[in-house]
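See structure below.
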Amino acid sequence: MKVFNIVIAGVGGQGVLLASRVLAESALACGMDVKQNEVHGMAQRGGSVISFVRIGERVYSPVVMPGSADILISFEPLEALRYVHYLKPGGKLVYNRATINPSTVASGMATYPPDVEERIGRACRDAHGIDALAIAKEAGNAKAVNMVMVGSVMKNLPIDAKVVEGVVREISRDKGAEVNLRALKGGAAA
Amino acid sequence: MKKIISGNEAIALSFGDSGGVFASGYPGTPSTETLEEVARLDEVYCEWAPNEKVALESVIGASIAGGRCLSTMKHVGVNVAADALMTLTYTGVNAGLILMVADDPGMHSSQNEQDSRNYARFAKVPMLDPADSQEAYDFVRAGFEISEQFDTPLMLRTTTRIAHAKGVVEQREKIKPVVGEWARNVPKYVMLPNFGKIKHGEVEERLLKLREFAETTPLNRVEMADTELGILTSGISYQHVREAYPNASVLKLGLVHPLPEKKIRAFAAKVRRFMIVEEMDAIFEEQVRAMGIRVDIGKDRISYCGEVSADIVRAALGDAVTGSAPPVADLPQRPPTFCPGCAHRGLFTILSKLKAFVSGDIGCYTLGALPPISAMHSCICMGASISAAHGMAKVNEIAGRTEKPVAVIGDSTFFHSGMTGLLSLAYNGGNALVVIMDNRTTGMTGGQENPGSGRVLQGEPARQVDIATLVKALGIDNVAEINTYDLAETEAAIRKGLETPGPYVLIDKNPCILRYRVKQSMLAVDLEKCSGCRACLKVTCVALGMVPAGDKMKVQIDPNICNGCGVCAQLCKFDAMSVVKG
Ligand SMILES: Cc1ncc(C[n+]2csc(CCOP(=O)(O)OP(=O)(O)O)c2C)c(N)n1
C-alpha cells in the first residue's frame with residue numbers, strides 16, 4: 001500500500017492536534033504504520049497551524065512534501081488557501097467555511113480576502129466547503145469543529161469509520177464523548 | 001502493546017522503564033513535554049529547575065548519590081548549562097546520567113539554530129541521535145548503559161521532528177530502579193587542578209575506547225543495498241533519506257559522537273557515490289574529510305540553514321523533486337499574537353505610545369516587537385534585557401544622551417537569569433527602568449510552574465517567592481506595583497520610572513489568562529458611537545474586526561473570543577465600547 005498523506009491546517013486553539021491524534025490512533029488500530037507531526041510551540045497564540053498524518057505499511061518521514069498530500073483538511077478558509085499547494089494533482093480539499101481573522105487583519109494592517117472561497121475553487125478542483133461551526137454548535141459545542149472536520153473526510157480515508165468512532169469515544173472525556181460523536185456524524189453527513 | 005507517541009513522550013516513558021529516579025530540566029520548545037510526561041508517570045521524582053545550569057548540576061548530584069538521572073533542555077539551554085557540562089565530562093558519573101537536548105533546525109520556535117553535536121565534540125562525550133520515537137525510547141536505556149560502562153555523561157540529542165513527531169513504539173520490560181552507593185571519591189569529584197590533570201587524561205582515553213565501541217555497537221547500522229549510492233546519515237535525516245531513496249545503501253549512525261572511522265571507510269569504499277546527509281553543521285563531513293575519505297556530495301549541496309527534507313536530498317543528487325504549484329501569493333500572514341485578555345497587551349500599548357527604547361527578553365512578551373505595536377528594540381537571550389539595558393545606559397551617559405532604556409522581562413526569565421542582571425544594575429549604579437511581567441507562569445512554553453507560581457512540576461503546593469522583596473534585597477529602592485490593564489495608571493507609572501534617575505522596578509502581577517483560564521465579562525461596541533477611526537485596532541487583538549455598518553466600516557468585537565480586558569476600550573475616544581455581562 002502506498003503511503004497516504006493527510007494534511008490538517010487551521011488556527012491555534014481550533015483543535016488541529018486532537019484531530020490529528022484521532023486519525024493517527026485510528027490508523028494504528030487498523031494495523032497500519034503511522035507518523036504524525038505538527039510544529040507547535042507558539043501555536044496556542046492564534047498562529048497558523050499545520051499538521052501531517054502519514055499512514056501506510058511502512059512510513060519513514062513524518063513530513064508531507066508540498067505537492068504530495070492526498071487530502072487537505074482545513075479548519076479555516078484562509079488557511080486552506082495558504083496550504084493548498086500541499087495537495088498532489090487531483091488531491092481533495094475539505095474546509096470549514098467559518099472564517100477567523102488573523103492578527104494582521106484584526107490590527108488593520110491587512111484585509112481578509114473577500115473572495116477566499118472563489119480562490120480556493122480556482123486552486124483546487126476537488127474542494128468542498130462545509131459549515132462545520134454550525135454543525136458543531138448543533139452537536140452541542142462550538143469547539144467540536146475538529147470532530148466535524150474528521151467526520152467529513154472519513155469516507156475518503158483508508159481507515160474504517162467504526163474504528164474512528166471507537167477512538168473518539170476513548171479519548172473524549174466522559175461528557176464530551178456524546179457531543180464529539182454527534183459532531184463526527186454531523187460531519188460525515190455534510 | 002504498541003502506542004503512538006512523540007519522541008518526548010518516548011524518552012519520558014523509557015526513563016521510567018529504565019531505572020530512572022531523578023529528572024530535572026528547564027522548559028524550552030521542543031524539549032518541554034519530556035519532563036511533563038515524566039511527571040505524569042507518577043513514580044519517579046522530577047522537577048523544574050530555575051534554569052538549565054541548576055538542572056544539570058542537580059542531576060550531577062543525583063548521579064553522585066547513586067540514582068540514574070536525566071536532565072532536559074532545549075539547545076540554547078546547553079549554553080547555560082555548559083559550565084557544568086565541561087567539567088562533568090572530567091568527573092564522569094556514579095549512576096548513569098543523560099543530558100537530553102532538543103535542537104530546533106528551521107527555528108520553529110527558537111532564537112537561533114545551533115547544532116548540539118558541536119557540544120558532544122567540545123565536551124568529548126558520547127551522543128545518541130534517535131531517528132524516530134522507537135529509537136528515542138530505546139536510546140534512553142542504551143544511553144544509561146553507555147554512561148555507566150564508560151563513566152561518562154551521555155548526551156541524547158533530538159530535533160523538533162523527533163521530539164514532536166509521533167510514531168509507533170513498543171515498550172520494553174521495565175527495569176526496577178536500584179539506587180547505588182553515595183560516592184565519596186575526592187580525586188574523582190573534586191576538580192582541583194591536580195585532580196583535573198589526571199582526569200583530562202582519562203577523558204582522552206575514554207574517547208578512544210568509545211571510538212572502538214562505535215565500530216561494533218548495533219547503534220550504528222549498515223543497510224547495504226544498491227551500491228550505486230551510499231549515504232551516511234543519522235537522526236531525522238535518515239527518514240528523509242529513506243523516503244527519497246528506499247533502495248540506496250545507508251550507514252545510519254545512532255551514536256553520532258565519536259564516529260566509527262573504520263566502518264565509515266569500509267562503507268565509503270563499497271559505494272560508487274558517497275554522500276553525507278546531515279542537518280545544520282558539517283559535523284560528520286568535516287571529520288570524515290579529515291580521515292582522508294572522499295565525500296562526493298555533502299554540504300556543498302545541502303544548506304547549513306534550516307531542515308533537511310526528502311526533496312532537499314533528491315535535489316542535492318540532481319533528481320526530480322515532488323512537483324508542486326507555488327504557494328498562493330499575497331495572503332495576509334497569521335503570526336502568533338498576545339491572547340485576548342493578555343496583560344502584556346496594555347504594557348506594550350503604552351511603551352509603543354511613549355516610543356521608549358525597549359530592551360526585551362524571551363517570552364510571550366517578545367511578541368511586543370511585532371507591528372503595529374513594534375515596541376521592542378533588542379532581544380538576544382534569556383535574561384539579557386536588564387543587563388543589556390544597563391550597558392546601553394552606561395554608554396548613553398558617556399555620550400551625553402538622557403533617554404533611559406526600559407527592560408521588559410517575565411517572571412520565569414527573571415528567575416532564570418534576570419536576577420543577576422538586576423543585581424549588576426543596582427551594584428554598578430545603573431540607570432534603567434525594569435518592568436517585570438509576573439504572570440505566575442512560564443507562558444511561552446505552555447504554562448509551566450516556576451518558583452513564583454506556588455506549585456511544583458508534580459503539582460504539590462510550593463513556597464512562592466515574593467518578587468518585590470527579592471528585588472529590594474538585590475539593592476533596588478524604587479519598586480512599585482502596576483496594573484497593565486489600566487492604561488492611564490500604567491502610563492503614569494512608566495513616565496515616573498523614566499523620569500526618576502537610577503534603577504527603577506515596576507511589577508505587574510496579573511496572571512496568565514491562558515494558564516489560569518481567566519474568563520472575564522466581554523465588551524461590545526455601540527455602532528452608533530463608533531466612528532470607524534480604527535484607533536483601537538492597534539492593540540492587535542483577534543477579537544476585533546471591521547464590519548460594514550451603513551456606509552462605513554465599523555469595529556465589531558467577537559463575543560466568542562473577547563476576554564473583556566478593556567484595553568481596546570481605553571483607546572476609544574468616542575466611548576463606544578462597554579462591558580456586557582457574559
Ligand atoms: C536558555 C533558554 N532556555 C529556555 C528557553 C525557552 N523559553 C522561551 S521563553 C521562556 C520563558 C518565558 O516565560 P516568562 O519569562 O515567564 O514569560 P511569559 O512567556 O510567561 O510571558 C522559555 C523558557 C530559551 N529561549 N532559552
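Computation of the quantities below employed the complete heavy-atom set of this structure, encompassing side-chain atoms and omitting hydrogens, waters and symmetry-equivalent molecules. Order of the sequence lines sets the chain letters (A, B, ...), proteins ahead of strands, with each chain counted from 1.
When side chains are defined from C-beta on, A/Asn101 does not count as touching B/Val542, because their heavy atoms never get closer than 4.5 Å. Counting only heavy atoms from C-beta outward, the side chains of A/Ser107 and B/Lys538 never approach each other to under 4.5 Å. For the pair A/Thr104/B/Pro335, a side-chain contact is recorded, criterion being any heavy-atom separation below 4.5 Å from C-beta on. B/Asp132 is listed as a side-chain neighbour of A/Lys35, based on a closest heavy-atom distance under 4.5 Å.
Proximity to chain B (any heavy atom under 4.5 Å) is restricted, for A/Val84, to the side chain, taken from C-beta onward. Contact annotation for B/Arg242: both backbone and side-chain heavy atoms come within less than 4.5 Å of a heavy atom of chain A. Contact annotation for B/Leu370: neither backbone nor side-chain heavy atoms come within less than 4.5 Å of a heavy atom of chain A. Neither the backbone nor the side chain of B/Cys536 comes within contact range of chain A; no heavy atom of the residue lies under 4.5 Å from a heavy atom of that chain. For chain B, the nearby parts of A/Leu81 are the backbone and the side chain; heavy atoms of each come within less than 4.5 Å. Heavy-atom distances place the backbone of B/Ala329, and not its side chain, under 4.5 Å from chain A.
Partners of A/Arg82 under the side-chain contact (heavy atoms from CB on, under 4.5 Å) rule, at least two apart in sequence or in another chain, are A/Ser48, A/Leu78, A/Glu79, B/Leu331, B/Gln333, B/Arg334.
When each of A/Ser51, A/Pro102, A/Pro66, A/Gly67 is checked for heavy-atom pairs under 4.5 Å with chain B, A/Pro102 comes out on top. Contact count against chain B (heavy-atom pairs under 4.5 Å) is highest for A/Ser103 among A/Ser20, A/Ala24, A/Ser103. If you tally non-hydrogen atom pairs under 4.5 Å between each of B/Ile162, B/Val241, B/Ile4 and chain A, the highest count goes to B/Ile4. Heavy-atom pairs under 4.5 Å with chain A peak, among B/Pro371, B/Ala310, B/Gly545, B/Ala543, at B/Pro371.
Distance CD/A/Glu25 to NZ/B/Lys166: 7.0 Å, rounded to 0.5 Å. The line from CD1 of A/Ile100 to CD1 of B/Ile561 is 6.5 Å long, rounded to the nearest 0.5 Å. Considering CD of A/Gln36 and OG of B/Ser6, their distance stands at 9.5 Å, rounded to 0.5 Å.
Within the structure, every pair that satisfies the ring-ring contact (aromatic ring centres under 6.0 Å, His included) test and touches residues 60-111 of chain A, not counting sequence neighbours, is listed here: A/Phe52-A/Tyr86.
Within 6.0 Å of the CD atom in A/Glu138, the count of heavy atoms belonging to other residues, nucleotides or ligands does not exceed 12. Around CD of B/Glu223, the count of heavy atoms belonging to other residues, nucleotides or ligands within 6.0 Å exceeds 12. The local environment of NZ in A/Lys143 is sparse, with at most 12 non-hydrogen atoms from other residues, nucleotides or ligands closer than 6.0 Å. For B/Lys353, the NZ atom counts as loosely surrounded, since its 6.0 Å shell holds 12 or fewer non-hydrogen atoms of other residues, nucleotides or ligands. Atom NZ of B/Lys519 is surrounded by more than 12 heavy atoms from other residues, nucleotides or ligands within 6.0 Å.
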Start with the C-alpha gap between A/Val63 and B/His240, add the side-chain angles, then the distance that decides, and say whether side-chain contact (heavy atoms from CB on, under 4.5 Å) holds.
-> CA-CA 9 Å; A/Val63 180; B/His240 300 313; 4.0 Å; yes
After noting the C-alpha distance and the side-chain angles of A/Met65 and B/Ser309, does the key distance pass the side-chain contact (heavy atoms from CB on, under 4.5 Å) rule?
-> CA-CA 8 Å; A/Met65 287 279 105; B/Ser309 70; 3.1 Å; yes
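Between B/Arg161 and A/Pro62, the shortest heavy-atom distance links the atoms O-CG, 4.0 Å. B/Leu537 and A/Ala106 make their closest contact through CD2-O, 3.2 Å (heavy atoms, listed as atom of the first residue, atom of the second, distance).
With respect to A/Arg54 and B/Glu243, a salt bridge is recorded, a charged nitrogen being found less than 4.0 Å from a carboxylate O.
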